[in-house]
Amino acid sequence: MTTVNVNGLRAASGKGYVEWLANTEADVVCLQEVRAETKQLAAEVAEPAGWHVLWAPSTTAKGRAGVAVLSRAEPERMKIGFGSDEFDGSGRYAEIDLPGLTVASLYLPSGEVGTPRQDEKERFMAEFLDHLKQLRERAAGQGREVVVCGDWNIAHQEADLKNWKANQKNAGFLPEERAWLSRVFDELGYVDTVRSLHPDVAGPYSWWSYRGRAFDQDSGWRIDYLVTTPGLAGRATSGVVERANSHPERWSDHAPVTVTFEWNPPVS
């Protein structure tokens, strides 16, 4: 299972995304920051062979945000948004049900300290925490597992970004944002699966600024997570960041994050 912020799918498709998707072994791929409607995409991108796709573009701000969930198996249920009057049209959340498993693609607002963008992020987090609680309760009642894949736009620990000391007052590493993510894990019982597989390492980072030599120096942030219920986390066997070999080979400022699970879906 893979999550990746494509930083504009039309641009990424011309830089290597199409080839990457054709070669991935993932059964589910979650995309964020698609920034396009399906009519703006090439046919091979909008309807990739062998995939079922739920597209959730932003209807409130055209050309911004946008998420998608691609699955090889046909979903039993598809849903856009999480019941928010403010955010359900913003292209920030889509969810599908597969046998025994709910998969969601999340693009949490990035925020910017001292601006309305940070206020928006805080409102989103408050509403989304309630949804995560309800999602776990629904899953428990139905005997399901859950994975929320995406760009959470928060580095949780000091190990999750290279220059953490210089970013303590910046969006993405604010104390209140990190505390909110702690609530997701500690209060709601979700698991940061990649961190659980790599508990004592810096990173592995999944986003590097295009400015300067951030990628070459591996001066990155780990903000792309696969957040799962404990039962699914316990079945994770590997978690890797598919980092490009060189700066010119990148097709996004994020790299795909892939977790392999020993998962045998229940037979209906």
Side-chain angles (χ1 to χ4, degrees), residues 1-59 61-75 78 80 90-96 98 103-108 110 147-153 194 204-210 214-216 220-226 238-261:
M1 186 176 301
T2 298
T3 187
V4 57
N5 179 317
V6 296
N7 192 26
L9 189 53
R10 284 170 289 180
S13 296
K15 297 178 180 178
Y17 163 80
V18 172
E19 293 78 8
W20 173 84
L21 185 65
N23 290 310
T24 185
E25 296 182 358
D27 292 314
V28 179
V29 174
C30 293
L31 307 180
Q32 301 86 42
E33 207 170 354
V34 171
R35 299 210 304 257
E37 299 178 36
T38 53
K39 64 184 179 182
Q40 298 173 301
L41 300 170
E44 65 179 346
V45 179
E47 299 180 4
W51 295 93
H52 300 271
V53 188
L54 172 60
W55 296 103
S58 173
T59 59
K62 301 286 187 178
R64 293 186 57 195
V67 297
V69 185
L70 289 71
S71 60
R72 298 191 190 271
E74 184 174 2
M78 298 189 292
I80 294 174
S90 64
R92 295 193 176 274
Y93 185 81
E95 179 183 295
I96 68 170
L98 297 170
V103 182
S105 182
L106 166 71
Y107 180 40
L108 197 140
S110 57
V147 54
V148 181
C149 305
D151 180 355
W152 289 67
N153 264 314
V194 171
Y205 308 129
S206 60
W207 175 79
W208 304 262
S209 172
Y210 275 135
F215 182 79
D216 295 335
W221 293 56
R222 194 178 76 89
I223 53 177
D224 301 280
Y225 302 137
L226 287 88
S238 71
V240 298
V241 174
E242 298 182 35
R243 191 180 191 274
N245 292 323
S246 66
H247 194 286
E249 295 175 79
R250 303 171 72 191
W251 45 266
S252 172
D253 52 354
H254 294 249
V257 181
T258 299
V259 175
T260 301
F261 298 95

As an exercise, state the distance from [atom1] of [X] to [atom2] of [Y], rounded to the nearest 0.5 Å.
{"X": "Ile223", "Y": "His254", "atom1": "CD1", "atom2": "NE2", "answer": "4.5 Å"}
{"X": "Cys149", "Y": "Gln32", "atom1": "SG", "atom2": "CD", "answer": "8.0 Å"}
{"X": "Cys30", "Y": "Asp224", "atom1": "SG", "atom2": "CG", "answer": "11.5 Å"}
{"X": "Asn7", "Y": "Asp253", "atom1": "CG", "atom2": "CG", "answer": "4.0 Å"}
{"X": "Glu33", "Y": "Arg64", "atom1": "CD", "atom2": "CZ", "answer": "9.0 Å"}

With distance as the sole test, does [X] use its side chain to make a donor-acceptor pair with the main-chain N or O of [Y] at under 3.5 Å?
{"X": "Trp251", "Y": "Val18", "answer": "no"}
{"X": "Ser58", "Y": "Gly91", "answer": "no"}
{"X": "Ser105", "Y": "Leu31", "answer": "yes"}
{"X": "Arg10", "Y": "Arg35", "answer": "yes"}
{"X": "Asn153", "Y": "Leu108", "answer": "yes"}
{"X": "Thr24", "Y": "Trp20", "answer": "no"}

Does the side chain of [Y] come within less than 4.5 Å of [X]'s, by heavy atoms?
{"X": "Val259", "Y": "Val194", "result": "yes"}
{"X": "Arg250", "Y": "Tyr210", "result": "yes"}
{"X": "Leu98", "Y": "Asp27", "result": "no"}
{"X": "Leu54", "Y": "Pro75", "result": "no"}
{"X": "Thr258", "Y": "Glu25", "result": "no"}
{"X": "Glu242", "Y": "Val4", "result": "no"}
{"X": "Asp151", "Y": "Tyr107", "result": "yes"}
{"X": "Leu106", "Y": "Val67", "result": "no"}

Stepwise, does the side-chain contact (heavy atoms from CB on, under 4.5 Å) test hold for Ser71 with Ile96?
CA-CA 9 Å; Ser71 60; Ile96 68 170; 3.8 Å; yes
Mutual orientation of the aromatic rings belonging to Tyr225 and Trp152 [parallel < 30°, tilted 30-60°, perpendicular > 60°]
tilted
Cation over ring, Arg222 on Trp207, under 6.0 Å and within 45°?
no
For Tyr205, does the six-membered ring have the charged nitrogen or CZ of Arg243 within the cation-pi criterion, i.e. under 6.0 angstrom from the centroid and within 45° of the normal?
no
[X] to [Y] - nearest heavy-atom pair and separation:
{"X": "Ala94", "Y": "Ala56", "result": "CB-CB, 4.0 Å"}
{"X": "Phe215", "Y": "Ser246", "result": "CE2-C, 3.6 Å"}
{"X": "Val241", "Y": "Ser206", "result": "CG1-CA, 4.3 Å"}
{"X": "Leu41", "Y": "Ala36", "result": "CD2-CB, 3.9 Å"}
{"X": "Val45", "Y": "Ser13", "result": "CG2-OG, 3.5 Å"}
{"X": "Ala26", "Y": "Thr2", "result": "CB-OG1, 3.6 Å"}

Take Val53 and Glu47 through the side-chain contact (heavy atoms from CB on, under 4.5 Å) test and state the conclusion after the steps.
CA-CA 7 Å; Val53 188; Glu47 299 180 4; over 6 Å; no
With side-chain contact (heavy atoms from CB on, under 4.5 Å) as the criterion, how do Glu37 and Trp55 come out once you've worked through the C-alpha distance, each side chain's angles and the decisive distance to 0.1 Å?
CA-CA 8 Å; Glu37 299 178 36; Trp55 296 103; over 6 Å; no
What do you reckon, is CG of Asn245 surrounded by more than 12 foreign heavy atoms closer than 6.0 Å?
no
